[in-house]
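What follows is one structure encoded as structure tokens, with my remarks underneath.
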Amino acid sequence: MAALRNLVISILRFAGFTNIARALRHHARHPDQAITLMTSTNTTLQ
């Protein structure tokens, strides 16, 4: 589980998010945007 969390945090940082806790809460409320983040070639969705 820790490895998956670290992977998610790395992806969020790569996408340009600086506040990881805020990004995690946002994507928990908007799972469609999380899927878009994972499949998008343009990773700047802030």
Side-chain angles (χ1 to χ4, degrees):
M1 293 305 287
L4 290 175
R5 182 174 174 83
N6 288 337
L7 175 65
V8 169
I9 289 171
S10 296
I11 291 169
L12 291 172
R13 285 189 178 141
F14 181 73
F17 290 95
T18 55
N19 188 335
I20 300 301
R22 181 178 176 196
L24 289 171
R25 286 190 304 268
H26 172 80
H27 286 94
R29 286 189 303 269
H30 305 285
D32 56 320
Q33 290 181 3
I35 293 169
T36 303
L37 177 66
M38 295 301 296
T39 59
S40 175
T41 57
N42 180 10
T43 58
T44 55
L45 298 175
Q46 289 187 26

List the residues meeting side chain to side chain donor-acceptor pair (under 3.5 Å) with His30, not counting sequence neighbours, and say none if there are none.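 In terms of side chain to side chain donor-acceptor pair (under 3.5 Å), with neighbours along the sequence ignored, His30 is linked to no residue.
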Residues in side chain to side chain contact (heavy atoms under 4.5 Å, CB included) contact with Ala21, at least two apart in sequence or another chain: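 If we apply the side chain to side chain contact (heavy atoms under 4.5 Å, CB included) test to Ala21, skipping adjacent residues, the hits are Asn19, Arg25.
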According to side chain to side chain contact (heavy atoms under 4.5 Å, CB included), who are the partners of Ile9, at least two apart in sequence or on a separate chain?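 Partners of Ile9 under the side chain to side chain contact (heavy atoms under 4.5 Å, CB included) test: Arg5, Arg13, Ile20.
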Honestly curious: do Met38 and Leu24 fall in one hydrophobic cluster under the side-chain, below-4.5 Å linking rule?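 Same cluster.
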hydrophobic_cluster_shared for Leu12 and Leu4, side chain cutoff 4.5 Å: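 Different clusters: Leu4 never reaches Leu12 through Ile, Leu, Val, Met, Phe, Trp or Tyr contacts under 4.5 Å.
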Ala23 backbone acceptor or donor facing His27 side chain under 3.5 Å: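 Checked: pair present.
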